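A, B, ... follow the sequence lines: proteins, then strands. Residue 1 opens every chain. Because the structure is a prediction, the values reported are computed rather than measured. The basis for the numbers below is simple: all heavy atoms, side chains too, and nothing from hydrogens, waters or symmetry mates.
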Amino acid sequence: MAYVPEHMTADKPPKGAGIVGFLTSRAVVAPIAAVVVFLLLWELIVWANGWPDYLMASPSDLPAAYAQYWELFLIMGWQTLWRTIVGLVLAVIVGVGFGMVMGFSRTMRDALYPLLVGFNAIPKATVVPIVALLFVGAHDFNTILIAFMISFFPIAVSVSIGLSTLEPEYRDILRSLGASQTTIFRKIALPKTLPEFFGALKVSVTLAFIGTNLMEIVSPHGRGLGALFDSGKTNSNYPLMFAVLIALAFLGIVLYYIVVALEKIFAGWAERQPG
Amino acid sequence: MNHLIDISGVRHAYKTESGPLPVLDGLDISVPEGGFCAVVGPSGCGKSTLTKLIAGLMRPDAGSVKLHRTEVTSPRSTVGMAFQNPVLLEWRTILDNVILPLEIVPNKLTRAQREERARSLLSMVGLEGFEEKRPSELSGGMRQRASLCRALVHKPEVLILDEPFGALDAFTREDLWQIMHQVKEREPFTGVLITHDLRESIFLADQVVVLSGRPARTQYVLDVGTSGPRDLDHLYTAEASEMLAILRHQIEIAQGRAEPQASAPARAVQ
């Protein structure tokens with residue numbers, strides 16, 4: 001039979017190859033340009049208002065602050081980073097666990113949802129002093145705990161929704177072949193939930209940073225960028241405070257794009273080809 | 001007569017909060033080996049329940065569902081299914097989607113043999129060259145073809161099609177009807193086709209079962225009188241028009257819009 005495919009997808013022409021091609025590509029140039037514009041605007045606003053250093057720092061004050069405290073930035077930046085990552089890993093483990101339980105069992109979903117929502121609704125800033133008192137002296141543990149508590153909720157919800165909204169036909173296809181529940185989970189439920197999981201993980205990354213810094217600022221124990229921020233505050237060192245904020249933003253961006261890279265590897269199929 | 005699929009006196013009710021909801025009540029369907037049976041009926045009359053019963057995903061409250069004279073009590077790998085929603089796994093290539101059943105059904109095929117089997121099916125339905133594409137890169141008709149290949153890859157005895165062409169445009173649908181016939185020539189199976197399209201039912205099947213409104217029972221059985229491949233022109237013959245008129249009338253009865261006539265056309269079998 002003469003058969004004509006309904007549409008043929010032609011292979012795309014190769015893009016500008018090599019490192020130069022990458023560095024001049026839109027994906028690199030556009031965000032850098034945006035950052036430059038942002039810094040210029042910031043500088044302009046501070047300059048136009050004639051704000052002095054002790055009221056508002058401008059971008060041009062920051063290099064001096066970094067140069068003066070670079071060692072502290074490295075040490076404390078690392079402290080913030082590893083505690084955030086450990087909190088996040090815990091959030092992933094516990095969040096996926098809760099998500100699976102709620103995704104597969106209606107009863108558990110009905111039972112746990114209000115509890116989790118209530119827990120999530122409590123401002124974590126109020127939990128910080130409780131945790132700090134409860135585990136007094138365990139700085140690393142406390143910080144990780146807050147980072148975990150603030151960031152596991154989106155993961156639990158997205159995994160449970162991903163699993164519970166699995167179309168019954170997907171199950172039927174495998175069940176009609178005699179597949180076990182484990183096989184169905186491994187072959188279908190797990191991969192199908194990955195895009196939702198990574199979506200939630202992107203939210204959780206930034207939340208985990210908030211959690212870490214809450215603990216570092218509210219209950220200062222001399223560790224992490226939060227503590228550095230707090231010392232800047234105590235000394236009215238505005239450039240230092242702003243330098244910490246920018247460092248935090250930088251770490252947040254790095255971690256976020258690590259998640260994006262992981263998403264591309266494990267759930268790249270969910271991304272639609274443009275055009 | 002040796003019937004591969006034998007459904008007799010099946011009754012089934014779903015449990016709902018407002019009490020049992022009967023969906024099937026006195027269902028009888030028999031399909032000989034190699035036969036192709038289309039099932040038509042009003043919306044919501046329990047046609048999809050029927051597919052689950054044959055696939056062994058559910059057991060009826062009463063009556064019997066037999067394949068090869070053995071009661072169906074659990075899913076069996078000799079059944080292939082395709083739905084209106086092609087439910088392809090978006091994270092797999094088309095080739096890996098088709099291979100999926102071979103990863104579950106016990107078999108001794110090597111990876112290379114599985115691929116070869118999947119490739120030959122894909123080329124049969126005109127999807128050669130699309131093996132490495134993702135489902136999202138294919139049109140609806142192409143996805144449905146891939147879904148058909150997946151349903152057939154483990155050489156099932158029984159192929160259950162639950163409105164597989166329902167969401168496609170008219171021309172794509174006619175394309176797929178033709179492909180269905182070619183496939184059945186090369187990969188013999190016993191088919192049950194759930195459909196809303198009366199033309200589709202007489203074009204593909206050799207027997208059309210009309211179900212009554214819910215709770216469904218077998219209301220009428222039409223013998224199409226032909227089996228095997230046929231030409232699309234076949235649909236525009238006087239004979240086909242007559243069959244369509246009969247089926248249309250039976251559907252109206254099933255919907256409660258027409259009274260059963262004493263002078264009902266005498267094409268019914270059984």
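Minimum interatomic distance between Lys187(A) and Trp91(B) (heavy atoms only, all atoms of both residues): O-CZ2, 3.3 Å. In this structure, Leu88(B) and Tyr170(A) approach most closely via the heavy-atom pair O-OH, 3.3 Å.
Environment of CZ in Phe104(A): crowded, with over 12 heavy atoms of neighbouring residues, nucleotides or ligands closer than 6.0 Å. Counting heavy-atom neighbours within 6.0 Å of Arg134(B) CZ, excluding the residue itself, gives a total above 12. Surrounding NZ of Lys155(B) are at most 12 heavy atoms belonging to other residues, nucleotides or ligands under 6.0 Å away. Heavy-atom neighbours of Glu116(B) CD from other residues, nucleotides or ligands within 6.0 Å: at or below the threshold of 12. Within a 6.0 Å radius of CD in Gln113(B), other residues, nucleotides and ligands contribute more than 12 heavy atoms. In this structure, Tyr14(B) places its OH atom where more than 12 heavy-atom neighbours from other residues, nucleotides or ligands lie under 6.0 Å away.
Residue Asp172(A) is tested with Asp162(B), Leu57(B), Thr51(B) for a side-chain contact (heavy atoms from CB on, under 4.5 Å); the sole match is Leu57(B).
Here CG of Leu177(A) is found 9.0 Å from CZ of Arg150(B). Values are rounded to the nearest 0.5 Å.
When heavy atoms are compared at a cutoff of 4.5 Å, Ile188(A) approaches chain B by way of both its backbone and its side chain. Proximity to chain A is limited to the backbone of Arg76(B), based on heavy atoms less than 4.5 angstrom apart.
Contact count versus chain B (heavy atoms, under 4.5 Å) is highest, among Pro191(A), Gly178(A), Ala179(A), Ala267(A), for Pro191(A). Across Ile173(A), Leu174(A), Thr183(A), the residue that shares the most heavy-atom pairs under 4.5 angstrom with chain B is Ile173(A). Heavy-atom pairs under 4.5 Å with chain A peak, among Leu89(B), Thr78(B), Ile104(B), at Ile104(B).
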